[in-house]
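Working notes, structure below.
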Amino acid sequence: MVRALSADLRDRVVAAIASGLSRRQAADRFGVSAASAIRWQQLVTQQGTPKPQQQGGDRRSGKIEARADLILDAYAATPDITLAELQVLLADHGTQVALGTIWRFFDRRGITRKKRRRMRASRTVPTS
């Protein structure tokens, strides 16, 4: 997986640019690409720091977590509600999500959507 270059290196490149080197000269001096030096200087201009953005993590569950009360209330009122019915309910309230998103919502909470109880294991033959 690709990692961001260190904040120390970014600071040194930006400081070299601020001291009078061109972006390409600073990039050559520190062994980074010219495009990186240009981007880091733009970040300083826009945000005040060349610090990298956070990488990875979950960026999508916030959309459905905002409607957690609605989903859990619907599930409590009708425990056998289907994921498709929940999808329609969410769409009616302005949140378009896929069925997998709803499934992961329940999985994070340890709520199973299984409709029937598990059968006990057979003592005579293996079951699948």
Side-chain angles (χ1 to χ4, degrees):
M1 183 174 169
V2 178
R3 285 185 7 188
L5 292 173
S6 71
D8 178 52
L9 176 62
R10 290 169 178 245
D11 290 335
R12 286 185 285 146
V13 171
V14 170
I17 294 169
S19 71
L21 287 178
S22 73
R23 294 172 182 174
R24 292 184 190 280
Q25 289 171 336
D28 287 339
R29 180 176 178 186
F30 291 99
V32 297
S33 70
S36 293
I38 292 168
R39 262 194 320 271
W40 297 340
Q41 184 61 39
Q42 286 175 346
L43 282 173
V44 169
T45 304
Q46 295 168 357
Q47 301 173 1
T49 179
K51 182 179 173 193
Q53 297 284 330
Q54 183 177 0
Q55 291 183 343
D58 181 22
R59 297 184 310 247
R60 298 179 304 222
S61 66
K63 185 175 176 182
I64 195 166
E65 291 296 334
R67 300 290 188 171
D69 293 337
L70 174 69
I71 297 168
L72 294 173
D73 289 345
Y75 177 71
T78 313
D80 63 342
I81 192 168
T82 65
L83 296 180
E85 290 170 337
L86 284 170
Q87 185 180 32
V88 170
L89 175 69
L90 287 168
D92 291 343
H93 284 83
T95 304
Q96 296 286 334
V97 293
L99 292 177
T101 305
I102 300 169
W103 185 90
R104 284 189 303 274
F105 172 84
F106 284 110
D107 187 50
R108 281 191 296 271
R109 285 165 174 72
I111 301 172
T112 180
R113 305 290 302 136
K114 194 166 183 75
K115 300 293 185 199
R116 59 188 173 97
R117 296 185 188 272
R118 282 183 61 125
M119 295 178 55
R120 67 179 176 86
S122 172
R123 289 188 285 173
T124 58
V125 293
T127 56
S128 57

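The residues of the chain are indexed from 1 along the displayed sequence.
A distance of 13.5 Å separates CD1 in I102 from CG in D107, rounded to the nearest 0.5 Å. Here the CD atom belonging to Q87 is positioned 11.0 Å from the CG atom belonging to D92, to the nearest 0.5 angstrom. Put simply, CZ on R39 and OG on S33 are 6.0 Å apart, with the number rounded to the nearest 0.5 Å. Atom OG1 in T95 sits 12.5 Å away from atom CG in L86 (nearest 0.5 Å).
Within the 3.5 Å criterion, the main-chain N or O of T82 finds a donor-acceptor partner in the side chain of E85. Side-chain N or O atoms of K51 include none that pairs as donor or acceptor with a backbone N or O of L43 at under 3.5 Å.
Annotation: side chain of I111 is in contact with side chain of L72 (closest heavy-atom distance under 4.5 Å). Side-chain contact between Q96 and L90 is absent, with no heavy atoms from C-beta onward closer than 4.5 Å.
Under a hydrophobic clustering in which Ile, Leu, Val, Met, Phe, Trp and Tyr are joined whenever their side-chain heavy atoms come within less than 4.5 Å, directly or via other members, L5 and I38 fall into different clusters. No chain of hydrophobic side-chain contacts below 4.5 Å, direct or via other Ile, Leu, Val, Met, Phe, Trp or Tyr residues, connects V88 to I64.
With sequence neighbours excluded, no residue forms a salt bridge (charged side-chain N to carboxylate O under 4.0 Å, His left out) with R104. Applying the salt bridge (charged side-chain N to carboxylate O under 4.0 Å, His left out) test to D69 and every residue at least two apart in sequence or in another chain returns nothing.
Among pairs with a residue in residues 6-17, those fulfilling side-chain hydrogen bond (donor to acceptor under 3.5 Å, both in side chains) read D8-R12, at least two apart in sequence or across chains. Within the structure, ring pair (Phe, Tyr, Trp, His ring centres under 6.0 Å) pairs that include any residue of residues 68-99 comprise Y75-F106 (at least two apart or interchain). Screening residues 20-52 for ring pair (Phe, Tyr, Trp, His ring centres under 6.0 Å), with sequence neighbours left out, gives no hits.
In plain terms, the two heavy atoms of P50 and V44 that are nearest each other are CD-CG2, 3.6 Å. Heavy-atom minimum distance, A37 versus I17: O-CD1, 4.0 Å.
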For residues 21-28, tabulate all N or O donor-acceptor pairs below 3.5 Å that involve a side-chain atom, not counting sequence neighbours.
from : atom 1 : to  : atom 2 : distance (Å)
S22  : OG     : Q25 : N      : 3.1
S22  : OG     : Q25 : OE1    : 3.4
Q25  : OE1    : S22 : N      : 3.0

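Residue R109 places its CZ atom among more than 12 non-hydrogen atoms of other residues, nucleotides or ligands, all under 6.0 Å distant.
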